[in-house]
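So the structure is just underneath, and the comments pick up after that.
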Amino acid sequence: MKKLTLIAFLGLSTFAFSQDAKNLPDKGKQKTALIVPTEQKELDAKKKSAEEKAKLPKPYNPKADAQADIKKLVAQAKKEGKNIMIQAGGNWCIWCLRFNNFVQETPELKGIVDKNFLYYHLNFSPDNKNEKVFAQYDNPGEKYGYPVFIVLDQNGKMIKVQQSDVFEEGKGYSSEKVKEFFNTWKPKG
């Protein structure tokens, strides 16, 4: 009789438990429902970013001798009366590529740059971190992220380091803020 009572008790307990479980909201499904769309959104965003990155020009050259290039630019800047605008970053950086493309495709900005600056894309990537060059400018990428701008005068003296996030607007850049930056740091006189 004890065995029969025990079996009946276990059977009823199992039945009762299964009924309770059916009436409870399925927390596992709720978590999955919340996690899967979030993960899918992240995957979609990464895919979209990769597609955008693939279409944009790649101005950074990891094989360049940045020290020699900048030295030549200083000599050229003296002759032409221009300042040097160094945009530090890499082809891996979507914001670096967006900024480059933005300036190149905005006639007013491109005109200001072409008239007043010698423009150089200083590479920072696993292939070439340009550590000695960056050290000369107090490693601004470590402080501000990328892109970061280093403005040199005609003699190669650093006159400004500017982080780029102040220029951002949505998924791009503010034309007015970038224009103000370029006009502020163009050669005087």
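The first residue in the sequence is number 1, and the count goes up from there.
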Is there a chain of hydrophobic side chains (I, L, V, M, F, W, Y, each step under 4.5 Å between heavy atoms) that links F181 to V166?
-> yes

Using atom types as modelled, flag every donor-acceptor pair under 3.5 Å from a side chain in residues 123-135 to any protein atom, sequence neighbours excluded.
| unit_1 | atom_1 | unit_2 | atom_2 | d |
| --- | --- | --- | --- | --- |
| N123 | ND2 | S125 | OG | 3.0 |
| N123 | ND2 | N128 | O | 2.9 |
| S125 | OG | D127 | N | 3.3 |
| S125 | OG | N128 | N | 3.4 |
| N128 | OD1 | N130 | N | 3.0 |
| N128 | ND2 | P62 | O | 2.8 |
| N130 | ND2 | N123 | O | 2.7 |

State the CH2-OG distance between W95 and S49, to the nearest 0.5 angstrom.
-> 10.0 Å

Could you tell me the separation between the NZ atom of K110 and the NZ atom of K115, rounded to the nearest 0.5 Å?
-> 15.0 Å

What's the shortest heavy-atom distance between G90 and L97, and which atoms?
-> O-CD2, 4.3 Å

Under 3.5 Å, side chain of T106 to main-chain N/O of L109, donor-acceptor pair present?
-> no

So, does N100 use its side chain to make a donor-acceptor pair with the main chain of C96 at under 3.5 Å?
-> no

Test log, rule side chain to side chain contact (heavy atoms under 4.5 Å, CB included), inputs I84 and V74 = CA-CA 7 Å; I84 300 167; V74 171; 3.6 Å; yes

Report the distance from atom CD of Q162 to atom CD1 of I86, rounding to the nearest 0.5 Å.
-> 14.5 Å

List the atom of A64, the atom of D69, and the distance in Å for their closest heavy-atom pair.
-> CB-OD2, 3.6 Å

Can you name the residues that form a salt bridge (charged side-chain N to carboxylate O under 4.0 Å, His left out) with E52, not counting sequence neighbours?
-> R98

Taking side-chain hydrogen bond (donor to acceptor under 3.5 Å, both in side chains) as the test, write out the residues that go with Q154, two or more places apart.
-> none

Of all heavy-atom pairs linking K82 and D114, the shortest is NZ-O, 2.8 Å

side-chain hydrogen bond (donor to acceptor under 3.5 Å, both in side chains) assessment of Y119 paired with Q87 = CA-CA 8 Å; Y119 209 94; Q87 179 182 325; 2.7 Å; yes

Using ring pair (Phe, Tyr, Trp, His ring centres under 6.0 Å) as the criterion, list what pairs up with F182, not counting sequence neighbours.
-> F117

Partners passing side-chain hydrogen bond (donor to acceptor under 3.5 Å, both in side chains) against D65 (at least two apart in sequence or in another chain) = none

Answer yes or no: is there an ion pair linking D44 with K48, defined by an N-O contact shorter than 4.0 Å?
-> no

Q136 and Q67: side chain to side chain contact (heavy atoms under 4.5 Å, CB included), yes or no, with the steps?
-> CA-CA 10 Å; Q136 293 172 18; Q67 189 70 51; 2.6 Å; yes

Hey, any chance V103 and W185 share a hydrophobic cluster, counting ILVMFWY side chains that come within less than 4.5 Å of each other, even indirectly?
-> yes

ILVMFWY network linking M85 to I150, side-chain heavy atoms under 4.5 angstrom = no

Path from I70 to V113 over hydrophobic side-chain contacts below 4.5 Å = no

Side chain of D153, backbone of N155: donor and acceptor closer than 3.5 Å?
-> yes

Is there a donor-acceptor pair closer than 3.5 Å between any side-chain N or O of K53 and the backbone N or O of W92?
-> yes

OG of S174 to CZ of F102, rounded to nearest 0.5 Å, is 7.0 Å

Where T184 and E180 come nearest, the two heavy atoms and their spacing = OG1-O, 2.7 Å

Sequence neighbours left out, cut at 3.5 Å: what donor-acceptor pairs do the side chains of residues 142-149 make with other protein atoms?
| unit_1 | atom_1 | unit_2 | atom_2 | d |
| --- | --- | --- | --- | --- |
| K143 | NZ | D138 | OD2 | 2.4 |

Once you round to the nearest 0.5 Å, how far does CD1 of I94 lie from NZ of K171?
-> 9.5 Å

Please report the closest heavy-atom contact between I112 and K179, naming both atoms and the distance.
-> CD1-CG, 3.6 Å

Heavy atoms of L118 and A77 approach each other most closely as CD1-N, 3.5 Å

Interatomic distance, N83 atom CG to K160 atom NZ [nearest 0.5 angstrom] | 13.5 Å

Expected output: side-chain K58 to main-chain L56 donor-acceptor under 3.5 Å | yes

